[in-house]
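If you read the sequence from its start, that first residue is 1, and numbering goes on from there. These numbers were taken from a predicted model, which means no experiment stands behind them. Just so you know, these numbers use all the heavy atoms, side chains as well, and skip hydrogens, waters and symmetry mates.
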Amino acid sequence: MRFPRSQPAVVAERAARALARLRRSRLLHPAGRSFAGEVVVWGESGQPTGVRLLDRPGHYPAVVRLSKGTPTPGGWPDVLGLAVRILRPTGRPFDLLVSSSAAAPGLRHLPLPRRRFAGTYSSIMSYRAGRRRLWLAALADPESPDLGHDLAGLSAAVTAERPGLVLAVASATGPWRPFGRVTIGEQLSARDDAALAFDPVGNRPEELRLAGPLAWLRQHTYRGSRRGRGVRAQSGGSTGLTV
C-alpha cells in the first residue's frame, strides 16, 4: 500500500529521520534482541480469512525481534514489541509487528505496558482482507518456557530452551483463533540486530491491506527511521539480514 507524499507526510518522515539520526538507533523500540526462528502455520480451522499465508498449512524460516519500546530500565514496565519476519519462498516477506496489549476485544487495539515478555501481543492497528477487518496477535504458549522480564533474561531463556508464541487472528469482537506458532531460535549478533529493519506497510501478504490512519503514520515514520539509521527495507524474498 502506497500513500501520497503530502506535506504532512514529508514532515513526519523528516522528523523521524532526524530523531533516529540523533539517537543513532531505531526511533521506535531501540533496545531489543533478534533471533533466527521458524513459523509453522497450521491453517485457519474456522472461517477462512482469505489470506493464503494464514489459511494454508506451511513452514517458513523467520527472523524474530523482541524489544522494549521506551526503553525503561531492566524489568520495569514498558510497551513491549514483537516483530516477526516470515520469509516466503517468493515475493516479499511478511513483517508482522505486534505490541503488548490485552486479549479482550475492547482492549486489543491499545498498547499496554507490562513487565514480562510472555503474554498477548496485538497488531494494534487492523488489517482488511476483502471486506473483513482482522487483527493479528502472538499469544503466550502455555507449553513454552517463560521468556523472562528483561532482555538479559530473554537471552538466557532462549539459550536454555527454544521458547515460542502462538499466532492468532480475530475480528473486532470475536475470540482469538490460533493459526500457527513462532519458535525463537539462535540469537543473532548485535551487528545483525542493528542492521535489521522492518517494513510493516510494504512487506505484507497481497491479500492484506492496512486499515486506518495509523497505517499512514507507520509508513512515513518507519521510512524516516530507516533513512536516519542508513538502512533500507528489504524489497524481496532474500534471507539476508542487511536490509
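With hydrogens and angles disregarded, no donor-acceptor distance shorter than 3.5 Å links the side chain of N203 to the backbone of D95. In this structure a side-chain-to-backbone donor-acceptor pair under 3.5 Å is missing from T70 to T72. In this structure, S122 contributes its side chain and S101 its backbone to no donor-acceptor pair below 3.5 Å. Under the 3.5 Å distance criterion, the side-chain polar atoms of R132 are left unmatched by any main-chain donor or acceptor of Y127. Proximity of a side-chain donor or acceptor of K68 to a complementary backbone N or O of G74 within less than 3.5 Å is detected. Formation of a donor-acceptor pair under 3.5 Å by the S123 side chain with backbone atoms of L136 is found in this model. Although no hydrogens or angles enter the test, the distance criterion places no donor-acceptor pair under 3.5 Å between the side chain of D141 and the main chain of G164.
The shortest distance between side-chain heavy atoms of Y121 and L139 does not fall below 4.5 Å. In this structure, the side chains of V63 and L196 come closer than 4.5 Å at one or more pairs of heavy atoms. Contact check for W76 versus P71: no side-chain heavy atoms found under the 4.5 Å cut-off. Proximity of I184 to L66: side-chain heavy atoms (C-beta onward) are separated by under 4.5 Å at one or more points. V158 places a side-chain heavy atom less than 4.5 Å from the side chain of F35. For the pair P57/W42, no side-chain contact is recorded, criterion being any heavy-atom separation below 4.5 Å from C-beta on.
Between T120 and A103 the shortest heavy-atom distance is OG1-CB, 3.8 Å. Between G174 and A170, the shortest heavy-atom contact is O-CB, 3.9 Å. Between R131 and R128 the shortest heavy-atom distance is O-NH1, 3.8 Å. Looking at every heavy atom in both residues, T49 comes nearest to V51 through OG1-N, 3.1 Å. Scanning both residues, S144 and R181, for their nearest heavy atoms gives CB-NH2, 3.9 Å. For V98 against A137, the heavy-atom pair with the smallest separation is CG1-CA, 4.4 Å.
A salt bridge is defined here as a Lys NZ or Arg NE, NH1 or NH2 lying under 4.0 Å from an Asp or Glu carboxylate O, and D193 with R33 fails to meet this definition. Salt-bridge check for R88 with E206: passed, with a basic side-chain N closer than 4.0 Å to an acidic carboxylate O.
Note on V79 and W135: separate hydrophobic clusters, where clusters join Ile, Leu, Val, Met, Phe, Trp and Tyr whose side-chain heavy atoms are under 4.5 Å apart, directly or indirectly. Linking Ile, Leu, Val, Met, Phe, Trp and Tyr residues whenever their side-chain heavy atoms come within less than 4.5 Å places V84 and L134 in a single cluster. When hydrophobic clusters are built by joining Ile, Leu, Val, Met, Phe, Trp and Tyr residues whose side-chain heavy atoms come closer than 4.5 Å, directly or via intermediates, V40 is grouped together with V166. Residues M125 and L54 fall within the same hydrophobic cluster, defined by Ile, Leu, Val, Met, Phe, Trp and Tyr side chains chained together at heavy-atom separations under 4.5 Å. Under the 4.5 Å side-chain heavy-atom criterion for ILVMFWY residues, a single connected hydrophobic cluster contains both V64 and L151.
Annotation: side-chain hydrogen bond (donor to acceptor under 3.5 Å, both in side chains) contacts of R52 (sequence neighbours excluded): E207.
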Where do L87 and R85 land on the side-chain contact (heavy atoms from CB on, under 4.5 Å) test, with the steps shown first? CA-CA 6 Å; L87 297 159; R85 169 164 289 167; 3.9 Å; yes
Output, in order, the C-alpha distance, side-chain angles, deciding distance and verdict of side-chain hydrogen bond (donor to acceptor under 3.5 Å, both in side chains) for S126 and R133. CA-CA 6 Å; S126 63; R133 197 172 183 184; 2.7 Å; yes
Could you walk me through whether V182 and I86 pass the side-chain contact (heavy atoms from CB on, under 4.5 Å) check? CA-CA 9 Å; V182 55; I86 303 175; over 6 Å; no
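How far CG of L167 is from CZ of F179: 4.5 Å, rounded to the nearest 0.5 Å. In this structure, CG in D78 is found 8.5 Å from CZ in F117, a value given to the nearest 0.5 Å. Note: S99 OG to L110 CG = 11.5 Å, rounded to the nearest 0.5 Å. From L208, atom CG reaches atom CG of L96 across 9.5 Å, with rounding to the nearest 0.5 Å. For the atom pair R204 CZ and F94 CZ, the distance stands at 9.5 Å (nearest 0.5 Å). Here the CZ-CG distance, from F198 to L97, works out to 6.5 Å after rounding to the nearest 0.5 Å.
Among pairs with a residue in residues 102-122, those fulfilling salt bridge (Lys or Arg N to Asp or Glu O under 4.0 Å) read R116-D146, at least two apart in sequence or across chains.
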